[in-house]
Amino acid sequence: MASWVESRDAKVTYTRFYEADDLPVVAGLDLIIIMGGPMNVPDESAHTWLTGEKSFVREAMEAGVSVLGVCLGAQIIADVMGARIFPNAHKEIGWFPIEAADGGVGTFTFPERLMAFHWHGDTFDLPDGALRLAKSEGCENQAFQIGDNVIGLQFHLETTAAAAELMIENCPADLAKGRYVQTADAIREATDEHAESANRVLFSMLDYLTS
């Protein structure tokens, strides 16, 4: 994402909740990207900043700001819209295909089949008013769109070799055997093969949200 932002000469601010919980003023923002984390959406007592983040996301959506939510970020959007967040039948960790769904006229269009990087155990019901953009064999709701300015992704199109390696190093316990859980070596090999194409789709999506 940083390379896309730099190519647009954009002014960027970050809110890193493990350092501080200062959120920017919504007025004047063009795009908000909500990233993931190991916590769950209901964990407000342990992570009190979640309450403020949800209010911020709600305000931004109501103001018509473009919003992209990734993994936990997508779950926060769904939660703000009143949808249920719950454990998926299967954990998805590694590179697995998603399939495009017909979101409707004017929505963002995924390739018919795309290899995407996953690292999640929870999922969500489709929020009221949202259109499904993608699904997978292991998870019905992989991506959705609300209006023309909000997209939620359960998967990670931003993944690079360095990012995948950090996940492997910092979350080794997540790599327990499962139907949709790859080994560390399989993740590394698939990242080399698929990251670039996933990144290109992400750049197209960011262009769509800011056009």
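Each residue takes its place number in the sequence, starting with 1.
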Checklist entry - Do the charged groups of K11 and D30 touch, with an N to O distance under 4.0 Å? => result no
Next on the checklist: What's the separation between atom CD in Q75 and atom CZ in F124, rounded to the nearest 0.5 Å?
Outcome noted: 7.0 Å
Checklist outcome for this item: Here the pair of heavy atoms bringing T123 nearest to C139 is OG1-SG, 3.3 Å
Next on the checklist: Nearest 0.5 Å, please: how far is CE in M167 from CD1 in I93?
Outcome noted: 8.0 Å
Item to check | Spatial distance of atom CG (L50) from atom NZ (K54) [nearest 0.5 Å] | outcome: 5.5 Å
Next on the checklist: Any heavy-atom pair between the side chains of S7 and F203 that's under 4.5 Å?
Outcome noted: no
Next on the checklist: A side-chain contact here means heavy atoms from C-beta on lying under 4.5 Å apart; do K91 and R179 qualify?
Outcome noted: no
Checklist entry - Strictly by modelled atom types, are Q142 and E92 linked by a side-chain donor-acceptor pair under 3.5 Å? => result yes
Item to check | Residue pair L114 / L157, side-chain heavy-atom distance below 4.5 Å | outcome: yes
Item to check | Joint hydrophobic cluster, I85 plus L126, side-chain heavy atoms closer than 4.5 Å | outcome: yes
Item to check | F96 and H118 aromatic ring geometry - parallel, tilted or perpendicular at 30°/60° bounds | outcome: tilted
Next on the checklist: With heavy-atom distances below 4.5 Å as the criterion, would you say the side chains of E53 and I76 are in contact?
Outcome noted: yes
Next on the checklist: Would you say that R200 contacts M205 through its side chain, given a criterion of any heavy-atom pair below 4.5 Å between the two side chains?
Outcome noted: no
Next on the checklist: For residues L29 and I34: do they belong to one hydrophobic cluster (side chain heavy atoms under 4.5 Å, members Ile, Leu, Val, Met, Phe, Trp, Tyr)?
Outcome noted: yes
Checklist outcome for this item: When every non-hydrogen atom of H90 is compared with those of G138, the smallest separation belongs to CD2-O, 4.4 Å
Next on the checklist: I need the minimum non-hydrogen distance between I77 and I151, along with the two atoms involved.
Outcome noted: CD1-O, 4.0 Å
Next on the checklist: Determine whether L131 and F144 satisfy the following criterion, side chain to side chain contact (heavy atoms under 4.5 Å, CB included), listing intermediate values before the conclusion.
Outcome noted: CA-CA 5 Å; L131 299 171; F144 63 84; over 6 Å; no
Checklist entry - Can a donor-acceptor pair be found between the side chains of W4 and N199 at a distance below 3.5 Å? => result no
Checklist entry - Could you go step by step and tell me if Y208 and Q145 meet the side chain to side chain contact (heavy atoms under 4.5 Å, CB included) rule? => result CA-CA 12 Å; Y208 170 88; Q145 182 168 334; 2.6 Å; yes
Checklist outcome for this item: Distance col, row L153:CG vs H120:NE2, nearest 0.5 angstrom, shows 11.5 Å
Checklist outcome for this item: Residues D125 and A83: closest non-hydrogen pair is O-CB, 3.4 Å
Checklist entry - Stepwise, does the side chain to side chain contact (heavy atoms under 4.5 Å, CB included) test hold for D128 with M81? => result CA-CA 7 Å; D128 289 342; M81 295 294 293; 5.7 Å; no
Checklist entry - Taking side chain as C-beta onward, heavy atoms only, is I33 less than 4.5 Å from L206? => result yes
Item to check | Aromatic F86 / basic R84 pairing, under 6.0 angstrom, 45° off normal | outcome: yes
Next on the checklist: Over 60° means perpendicular and under 30° means parallel, so tell me whether F17 and W49 are parallel, tilted or perpendicular.
Outcome noted: parallel
Checklist entry - Can L166 be reached from L202 by stepping across I, L, V, M, F, W or Y side chains whose heavy atoms are under 4.5 Å apart? => result no
Next on the checklist: Could you check whether atom CG of N170 has more than 12 heavy atoms from other residues, nucleotides or ligands sitting under 6.0 Å from it?
Outcome noted: yes
Item to check | hydrophobic_cluster_shared for L31 and V12, side chain cutoff 4.5 Å | outcome: yes
Item to check | Side-chain heavy atoms of W119 within contact of L175, under 4.5 Å | outcome: yes
Item to check | Within 45° cone of Y14 ring axis and under 6.0 Å: R16 NZ or CZ | outcome: yes
Item to check | Nearest heavy-atom neighbours spanning R188 and I168 | outcome: NH2-CG2, 3.7 Å
Next on the checklist: For the CD atom on E189, are there more than 12 heavy atoms of other groups (residues, nucleotides or ligands in this structure) within a distance under 6.0 Å?
Outcome noted: no
Checklist entry - Are any of the side-chain heavy atoms of Y180 and N88 separated by less than 4.5 Å? => result no
Item to check | Backbone of I187 reached by a side-chain donor or acceptor of T191 within 3.5 Å | outcome: yes
Under 3.5 Å, sequence neighbours excluded: what are the donor-acceptor pairs made by side chains of residues 56-74?
{"residue": "S66", "atom": "OG", "partner": "L209", "partner atom": "O", "Å": "2.6"}

Checklist entry - Out of curiosity, T159 OG1 to E196 CD, how far, rounded to the nearest 0.5 Å? => result 14.0 Å
Checklist entry - So how far is it from L23 CG to T13 OG1, rounded to the nearest 0.5 Å? => result 9.0 Å
Checklist entry - What do you reckon, is CD of E19 surrounded by more than 12 foreign heavy atoms closer than 6.0 Å? => result yes
Next on the checklist: With clusters defined by side-chain heavy atoms of hydrophobic residues (ILVMFWY) lying less than 4.5 Å apart, directly or transitively, does L133 cluster with V150?
Outcome noted: no
Checklist entry - Do E112 and E99 pass the side chain to side chain contact (heavy atoms under 4.5 Å, CB included) test, and can you show the C-alpha distance, the side-chain angles, and the key distance before you say yes or no? => result CA-CA 6 Å; E112 184 175 345; E99 298 176 3; over 6 Å; no
